[in-house]
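See below for the structure under consideration.
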Amino acid sequence: MMKKLKLILLCFFIFFYSISSFASFTEDINEIAADFLYYPKMTFLDIQYNVEDNFPTWNENSFELGTNLFMNALTIANFNIKTEISAPDTHSPRLTLGLSAWYFWGLHIVPSVVSELSDAESMMAFGGNPFFTISHKFSDSMELFTGAKITTGYVSVDLRGLNSKDAFKSVSYIDDFYIDPAVYVGMGIDTGKKSKLAVQVGYQIIENRIFTKLMWIGETWDFGLGFYPDSAIIIHPIINIRF
Amino acid sequence: MKRIDIKILTIILLVISFTSITLAKDDMIYFKVDLSQSSMLVNTTYSDTPEYNISNSILTDIGYKTDLSKQSSLLFIYELNYQGPGLKGYSEEGFDSRNMDHLFVAKYIYKQSPQTELAFKTDFFYQFFRIGKTETWGDALYNFGKTGLGFSITYESSPKTTLFLGIDQHYLWFPNYNDLVREALYTLNDTTGEGANMNTDWLNQDFFQSSLRLSLDHKLSKNTFMSINNSILYRFYIDRRIDDASLTTNPEDNDRQYDFLNELALELGTFLSADWLLQLKYTFTFMKSNYFYLNIGDVDTSGPTPVFDAATNENYNSYHQHVFSVPITHFFSSRSALIFIPQIEYRKYIDRKPKDDTSTFINGEKQYNLALSGTLSWEFKKYENLTINPLYTFKWTNSNNKDLTAGYNYNVHFFGIRLVFEY
């Protein structure tokens, strides 16, 4: 009875969200483009949240190298490295240090794909993010963590050379460097011998922005969703592979 | 100022978080992340096609309690609460508005006797509020801060009965608030020549708030319990003067604005069997304010034009409200429960007239708002620290105020799923 009920509910939610996601896809693309032009920092932060993996080093490896495949598919090359500099024991917590970085190489081919932008002089975006995370096991199957990071990056868009199309005319030049610290907290729950379900909530201090991630973390693969309330798309899929 | 406050608060949070990692043996920490994702299908008053929205809400609580002695302890709580568009109040405004709140509470708890507990607290609260997506958090008109002190006493008069008395005093401020239309009205209508030099403090929204809460929790029998809770709240506006039917002089001689609110909540619950819980809940709210509504008839090149009708403008915010609900819970097991909550909400304004669909006041009527809703919610504890809660709500609202911009007549299907991580 309970299993059937769970299955029905799951199907119901997948069906409902699929319809809605499909229906609003074109609108979302337009909204992202508009958001990027009028407030590029928001899109910049979305990319950064998707790329970074500042959960503790939960696997036995003391060093991990990973990448978000979904972002790579969107032409955003990225990597995330993290290392455990202090192993946990009864009295002291686990300390993880790491760095994530990305480069949006796809922007370089946009002018050749979108004819209206063929005369764009510059389109570039990249970012990086050092972080440290402290975690501690509070029960056999549950660990809490907290940490801080500094988000940095650069976005440059120069469309002044275009014989401009209305949509791009009002925002034709962006040349911004960003630096914005953030803090975060979270919880990891063991779901198997080598897998966890984890949640993270963070706060971007200068931007006054909240962000959340819900992740299933396996030995090599991570699957999850990012919830970024101020974005054009408020739910982002995350697929990480780690070595 | 506010940005600095938030940053300091965040740093304090971080320090507390780190401290809690290396907590002493008897110290306790509390942690909660409540993540909700929802979809809404809204049939609005102004469109024949239902509107579809998705939204989310994120609530995070971090608590830390340390014992200073056998009798006394210190409690720190930080809460970060993002509430996206959703089912809020009677108006369709809730489908676009969003807020992000920071709350920090420090509480000293003293156990005077096995039955009596005293608590002293100080808190700081800041809300970023946006009526839609386009405002930025820091600049929104209705952002406000709140800080103050509180005292409470909890007395367990018997194993079945607990009494509570709480007194709070707060100061609230609105750093971005302005009312340019009102300022323009006074300046343009002033006949004394002082209009241009008007002191805008008289339009200032900041106020002091005093509140008193009394409650009684009582176990009537092994399976039946009840609670009575009454809160009285009084807001005293420091500078703000109410308007009146004359705008020819500065409002300095008018009365200061005040708001008085009383809320009485009653609850009766009984376990019909080991698997079924039935609750009856009723809340009565009475709001009285001397706020005077300025009805702006027209804004043209000569400025805004007020329309006066004392019967319409006075007592505009005063009302009484009744909320009645009957939650029925069926426990499948200790980790799983199905809850059905039918609810009726009714608000009647004391003097406010409703508007028709052309935004014109209707004489001879008083505005009411009615909302009927049903919620079906299933809670199950997947792991020790994770509860999953899918829910569905249907809400139907009705009002004799047909003003399209107010949006008081709609129905909505709300689908949500909550994940609650808690320790």
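Sequence lines set the chain letters: A, B, ... in the order given, protein chains first and strands last, and positions in each chain run from 1.
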Practice task
Pick one of side chain, backbone, both or neither for B:Ile388, based on which atoms fall under 4.5 Å of a heavy atom in chain A.
Solution key: neither
Practice task
For A:Leu144 and B:Phe421, run side chain to side chain contact (heavy atoms under 4.5 Å, CB included): C-alpha distance rounded to whole Å, both residues' side-chain angles, the deciding distance at 0.1 Å, then the answer.
Solution key: CA-CA 11 Å; A:Leu144 296 179; B:Phe421 293 81; over 6 Å; no
Practice task
Quick one: pull up OG1 in A:Thr191 and NZ in B:Lys382 and give me the separation to the nearest 0.5 Å.
Solution key: 9.5 Å
Exercise for the section: Could you tell me which portion of A:Leu214 (side chain, backbone, both or neither) has an atom closer than 4.5 angstrom to a non-hydrogen atom of chain B? Expected result: side chain
Practice task
Return yes when atom NZ of A:Lys137 has more than 12 non-hydrogen atoms of other residues, nucleotides or ligands closer than 6.0 Å, and no otherwise.
Solution key: yes
Practice task
Sort B:Gln83 into side chain, backbone, both or neither according to what part of it lies under 4.5 angstrom from a heavy atom of chain A.
Solution key: neither
Exercise for the section: Assess whether side chain to side chain contact (heavy atoms under 4.5 Å, CB included) is satisfied between B:Leu419 and A:Val199, documenting all intermediate values. Expected result: CA-CA 10 Å; B:Leu419 299 174; A:Val199 67; over 6 Å; no
Handout entry: Gap between atom CG of A:Asn208 and atom CE of B:Met100 - 0.5 Å precision
Key = 5.5 Å
Practice task
Start with the C-alpha gap between A:Met187 and B:Val33, add the side-chain angles, then the distance that decides, and say whether side chain to side chain contact (heavy atoms under 4.5 Å, CB included) holds.
Solution key: CA-CA 9 Å; A:Met187 176 190 279; B:Val33 172; over 6 Å; no
Practice task
Could you grab the distance from atom CD1 of A:Ile189 to atom CG of B:Leu386, nearest 0.5 Å is fine?
Solution key: 5.0 Å
Practice task
Report the distance from atom OH of B:Tyr82 to atom OH of A:Tyr203, rounding to the nearest 0.5 Å.
Solution key: 12.5 Å
Problem - Residue B:Leu35 versus chain A: region with a heavy atom under 4.5 Å - result: side chain
Fill in the blank from the handout: When rounded to the nearest 0.5 Å, the distance separating CD1 of B:Ile54 from CD1 of A:Ile235 is 5.0 Å
Problem - Crowding at OH, B:Tyr142 (>12 non-hydrogen neighbours, <6.0 Å) - result: no
Exercise for the section: Taking atom CD1 of B:Ile328 as the centre, report whether more than 12 heavy atoms of other residues, nucleotides or ligands fall under 6.0 Å from it. Expected result: yes
Handout entry: Interatomic spacing from OG in B:Ser36 to CZ in A:Phe227 - rounded to 0.5 Å
Key = 9.5 Å
Handout entry: Whether A:Phe138 and B:Tyr423 hold their rings parallel, tilted or perpendicular, with breakpoints at 30° and 60°
Key = tilted
